Amino acid sequence: EAGVTQSPTHLIKTRGQQATLRCSPISGHTSVYWYQQALGLGLQFLLWYDEGEERNRGNFPPRFSGRQFPNYSSELNVNALELEDSALYLCASSLVTRYSGNTIYFGEGSWLTVV
Amino acid sequence: AQKVTQAQTEISVVEKEDVTLDCVYETRDTTYYLFWYKQPPSGELVFLIRRNSFDEQNEISGRYSWNFQKSTSSFNFTITASQVVDSAVYFCALSLVNTGNQFYFGTGTSLTVIP
């Protein structure tokens with residue numbers, strides 16, 4: 001069974017541009033989570049989608065946005081890129097969240113470099 | 001407020017030594033789940049273990065063992081006879097029942113096993 005898949009693996013953008021990262025959850029998972037991991041820092045929670053709706057949002061500016069599609073895949077958009085947005089962006093998925101405590105499984109991440 | 005603390009930022013051990021990674025959590029909830037993840041240099045977080053707050057039995061899986069103590073709000077992870085392949089960043093996480101499946105991660109402990 002395929003795990004969480006993310007694309008692209010690497011992305012290089014110029015400051016001020018927009019970046020779009022994509023994530024496909026494990027089959028049967030309806031929740032998708034996005035995390036940012038900047039160099040030397042821990043995991044910073046970005047967004048959590050469950051069955052198409054945004055359930056929670058971390059302490060990030062509005063230029064970080066996303067959505068979840070009917071097939072539960074998700075997109076993370078970062079507008080007006082800044083140098084400090086350079087990071088590893090990790091997507092994770094889990095089963096339906098009404099059964100809380102479900103394990104979240106991570107993808108391999110997308111490395112975003114802003115120059 | 002919920003919080004997970006991994007006080008050890010970096011640990012180095014010589015191969016075959018035992019090493020314990022500490023995790024202390026804070027929550028007022030009585031029902032919660034605790035997790036450990038491993039992040040090798042490749043970037044993907046790998047799920048290691050999940051425990052619920054009602055199960056304080058220690059668990060052993062090969063060279064890995066976990067000690068859960070509610071009295072001290074700790075969920076420590078021990079690697080016995082460490083190997084170079086154990087070199088990674090290890091994250092402890094907390095999930096609360098009343099928040100659906102919101103995860104709270106510690107800042108991680110970087111383990112280096114020296115051959």
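Computed from a predicted model, the values in this text were never measured in an experiment. Letters go in sequence order (proteins before strands), and every chain restarts at 1.
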- Take B/Phe47 and A/Ile104 through the test side-chain contact (heavy atoms from CB on, under 4.5 Å) and record every step on the way to the result. CA-CA 8 Å; B/Phe47 164 71; A/Ile104 61 174; over 6 Å; no

- Task: Show your reasoning for whether side-chain contact (heavy atoms from CB on, under 4.5 Å) applies to A/Leu43 and B/Leu45.
- Result: CA-CA 10 Å; A/Leu43 296 164; B/Leu45 270 79; 3.6 Å; yes

- Item | Stepwise side-chain contact (heavy atoms from CB on, under 4.5 Å) test for B/Tyr37 and A/Thr103 | CA-CA 10 Å; B/Tyr37 288 84; A/Thr103 301; 3.6 Å; yes

- Query: Step by step, would you call B/Gln39 with A/Gln37 a side-chain contact (heavy atoms from CB on, under 4.5 Å)?
  - Reply: CA-CA 12 Å; B/Gln39 186 180 37; A/Gln37 188 177 28; 2.7 Å; yes

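Among A/Tyr35, A/Tyr33, A/Phe45, the single residue meeting the ring-ring contact (aromatic ring centres under 6.0 Å, His included) criterion with B/Phe105 is A/Tyr35.
Crowding of A/Glu84 atom CD: a count of heavy atoms from other residues, nucleotides or ligands under 6.0 Å exceeding 12. In the displayed structure, B/Lys16 atom NZ is contacted under 6.0 Å by at most 12 heavy atoms of other residues, nucleotides or ligands. Under a cut-off of 6.0 angstrom, the local environment of CD in A/Glu108 is sparse, with at most 12 non-hydrogen atoms contributed by other residues, nucleotides or ligands. The number of heavy atoms from other shown groups lying within 6.0 Å of CG (A/Leu39) does not exceed 12. Summarising the local packing, CD1 of B/Ile114 is surrounded by more than 12 heavy atoms from other residues, nucleotides or ligands at distances under 6.0 Å. In the displayed structure, A/Asn71 atom CG is contacted under 6.0 Å by more than 12 heavy atoms of other residues, nucleotides or ligands.
Only the side chain of B/Phe91 comes within less than 4.5 Å of a heavy atom in chain A; its backbone stays farther off.
Distance check, rounded to the nearest 0.5 Å: CZ of B/Arg50 to CG of A/Asn102 gives 6.5 Å. For the atom pair OG (A/Ser31) and CD (B/Gln102), the distance works out to 10.5 Å, reported to the nearest 0.5 Å.
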